[in-house]
Amino acid sequence: MTVAPETIRSPEFVPRATRLAQRPVKISALCELCHSRKAAVKRPKNLQKLCQLCFFNVFETEIHQTITNNNLYHRGEKLALGASGGKDSTVLAYVMKTLNDRYDYGLDLVLLSIDEGIVGYRDDSLATVKRNQVQYGLPLEIVSYKDLYNWTMDEIVTCCGIRNSCTYCGVLRRQALDRGALKLGINHVVTGHNADDMAETVLMNILRGDLARLEKSTAIITESAGSPVKRSKPFKFTYQKEIVLYAHFKKLDYFSTECTYAPEAFRGTARELMKQLEKSRSSTVIDIIYSGENLLLQPKRINKQKQFRKVKTIDKKTAENGQNNNKNREMEVLSDGSISLGHDRAKYKDGNKCLKCGYLSSNKICKACVLLQTLEKMKPKITIDNNISTDGAAKVLRSLETLSF
Amino acid sequence: MKVTVELLGGLHQIFTFGAKIVDVNVLEEAELGALVETLCLSLSSSFSNCSPSLADPVYRTSLARFVDCEHLQLTGEYKIIPGIMVLINDVDWELFDEEETVLHPNDVITFTSTLHGG
């Protein structure tokens, strides 16, 4: 391959449409649905070649079918659309609004954004959400970490380093979405998770051996007994490539910059693996979800003999201590050092509330409170006035990395 | 021959010119692979202290966000990594011959990264 001496410059301003009209037409297949227009997309799901208009139609209809087949929503329901300003959530807001108008779902849609407090990333993407709010005419609510937890992500990162940032951010965001929704009096959050995301999660859970999550991760709608907020993913069967193409062809206004903090290493690797698999066999994405859905976990076997022995020894002990009437012999040491007394194990399956904040949790204290507690311990006792180092901590780090002599 | 390159989805950040839309000169009847090579070679000039060689870790890290470095090392071919979507005149490149598509003057080539969260 030989290359002419490269000259790269910014073009004089010519509208995109004019530029496209100027060049000669390339020969490509006709659309397989309408047989009249030039194909523009090769669908990863079935390798069908479609023109732009047919693609829009198929894309929207498939999401409509996902919604109706699974009875995701009912008339008059109020929904909070998780909006980050990225491609998925922008397409989500646009498609949900379009479908709601077209098929008359009778839904009340609200955009819900979480402000993690990441300077140079979230502030820009929130600006996109604010533009979307005007473009689609939907009300917008922004909930910030600062208000909820009195911490911004920038502060958390200065405190505990860039490595753990995704762990903190992920745990806190889950809760923030629920709380934001409750604040608006909504008990259904819709997120833009797509098929690629879901396949990635299934793969990660398998690789980590996280069986409890593996079973739940493919549900299109998640509802727990104790949680007042439901979550649904209407894009469960929608490929990421199609979402990006849809946003591109529809010229939707979305924000696409990587978060300034280091991405989670494990997820990144799983994502690369997924993309490589998808490249060699594009139905892999849907197939992994299908496998995930149909995996049935063997119910846990309880070792009866062992349990019996345990009870016996405890009985002996309690008899010695003279606490015969105390039914609850098990003690649990909580993360803050206190000891809890008297609860049945069976109670702590689902619908259990965090002792500190009252949020749904599978343990006595929810993950967010545990993380925040460790943070408080690490927080510097003395602060310097006008300290700006917490603003965009990662941004500063990044610019330092690229400095050269 | 002049073609227009659009770098979307945050891809423009790895190139020096930093612009989302650039004009690139390539040979007549050049294939898309040649354009990718041109772009990758211009990438090296973004770091004054690094050479356009795969041995250079700085160069390699940014290059790896765009092309498959191992494949390049083995074969000398520039292959776009999976996860970057390519459109030629708003048509999916899978409908053409991917890297072997022959370009025409004034073609618009769009690279969009889908690798980060949305």
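Scope of the values below: all heavy atoms of this structure, side chains included, with no hydrogens, waters or symmetry mates. By convention in this document, chain letters (A, B, ...) are assigned in the order of the sequence lines, proteins followed by strands, and residues within each chain are numbered from 1.
Side-chain contact between A:Q240 and A:K87: present, with at least one pair of heavy atoms (C-beta onward) separated by less than 4.5 Å. Residues A:I114 and A:L172 fail the side-chain proximity criterion, which asks for heavy atoms closer than 4.5 Å.
In this structure, A:K45 forms no cation-pi arrangement with A:Y239, as its terminal cationic atom is not both closer than 6.0 Å to the ring centre and no more than 45° off the ring axis.
Residue contact with chain B, scored on non-hydrogen atoms closer than 4.5 Å, involves the backbone and the side chain of A:K42 alike. In this structure, no portion of A:F255 lies under 4.5 Å from any heavy atom of chain B. For B:E28, no part lies near chain A; criterion is any non-hydrogen pair under 4.5 Å.
Donor-acceptor pairing under 3.5 Å is recorded for the side chains of A:S89 and A:S84.
Interface check for chain A: of the options B:V5, B:D92, B:T112, the most heavy-atom pairs under 4.5 Å are formed by B:D92. Most heavy-atom pairs under 4.5 Å with chain B, from the set A:K241, A:M274, A:H193: that is A:K241.
More than 12 heavy atoms of other residues, nucleotides or ligands sit less than 6.0 Å from atom NZ of A:K236.
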